[in-house]
Amino acid sequence: MLRKAGLLLILFSLCLASVAVAGAIRLSVAVSLTDAMNEICADYSRAHPGTACRPNYGGSGTLAKQIAAGAPADLFISANPQWIEFLVGEKRLAVDTVGILAANTLVFVGPKGRASSLADLPKLKRIAIGSPRSVPAGQYAEEAMKKAGVYDTLAAAGKLVMAQD
């Protein structure tokens, strides 16, 4: 997490170099980055007194639609490149301002010894994932389980519990 926060802080500082030192910086940020962004904002505000971060956390799709509808944002950090492409297509983001600043790794957590690989998932009673229809991490989980050949089995057995986030 500290590595991710460090990368975000560097990019955040670079992106804001052109923003006035005093005032508010309006951020639209994927909710999965709440903890890291709160830390970055606190550090940035301490280093730049008089400048406040105004984060707006939410699902990447929700945030992108808000921006497309005219919501103000100085920086948009999405968990899904699809929404960046959407805003570029809507001419709300310039393509030369888009870049990757962090990445994540798909992991699964459970009782020790129950599952050590995706192939072991069918042995479990229930598996909670973010809904692939609304959460990028859910899309990644679905894709990984399909590649491992277990998704359809889990879905048919009713073992998948879809979470909003």
According to a hydrophobic-cluster definition based on side-chain heavy atoms being under 4.5 Å apart (Ile, Leu, Val, Met, Phe, Trp, Tyr only), do [X] and [Y] belong together?
X: V98; Y: L33; answer: no
X: L63; Y: V31; answer: no
X: F76; Y: Y44; answer: no

How long is the gap from [atom1] on [X] to [atom2] on [Y], to the nearest 0.5 Å?
X: L154; Y: L160; atom1: CG; atom2: CG; answer: 5.0 Å
X: I77; Y: Y57; atom1: CD1; atom2: OH; answer: 9.0 Å
X: I67; Y: S28; atom1: CD1; atom2: OG; answer: 4.0 Å
X: M37; Y: C53; atom1: CE; atom2: SG; answer: 8.0 Å
X: N80; Y: Q139; atom1: CG; atom2: CD; answer: 5.0 Å
X: T97; Y: L87; atom1: OG1; atom2: CG; answer: 10.0 Å

Can you list the residues that meet the side chain to side chain contact (heavy atoms under 4.5 Å, CB included) rule with V95, with sequence neighbours excluded? V88
What residues, two or more places apart in sequence or in another chain, satisfy side-chain hydrogen bond (donor to acceptor under 3.5 Å, both in side chains) together with [X]?
X: D120; answer: S116, K123
X: Q66; answer: N56
X: R133; answer: none

Looking at L27, is its backbone amide N or carbonyl O close enough to the side chain of D74 to form a donor-acceptor pair, meaning the two atoms are under 3.5 Å apart? no
Short question: side chain of S45, backbone of A42 - any donor-acceptor pair under 3.5 Å? no
side-chain contact (heavy atoms from CB on, under 4.5 Å) assessment of V161 paired with I129: CA-CA 6 Å; V161 178; I129 66 171; over 6 Å; no
Parallel, tilted or perpendicular: rings of W83 and F86 (30°, 60°): perpendicular
State, to 0.1 Å, how close [X] and [Y] come at their nearest heavy-atom pair, and which atoms those are.
X: P122; Y: A119; value: CD-O, 3.3 Å
X: P72; Y: R26; value: CB-NH1, 3.3 Å
X: A115; Y: L124; value: CB-CD1, 4.1 Å

Using the side-chain hydrogen bond (donor to acceptor under 3.5 Å, both in side chains) rule, collect all pairs that involve residues 87-96, keeping only residues at least two apart or in two chains. none
Does the side chain of L93 reach to within under 4.5 Å of the side chain of I84, using non-hydrogen atoms? yes
Less than 4.5 Å apart, side chain to side chain, heavy atoms only: is that true for C41 and R54? no
Using a 3.5 Å cut-off and no angle test, enumerate the donor-acceptor pairs between side-chain atoms of residues 140-153 and protein atoms at least two apart in sequence or in another chain.
| residue | atom | partner | partner atom | Å |
| --- | --- | --- | --- | --- |
| Y140 | OH | A79 | O | 2.8 |
| E142 | OE2 | Y151 | OH | 3.2 |

Tell me if the NZ atom of K159 is crowded by more than 12 foreign heavy atoms within 6.0 Å. yes
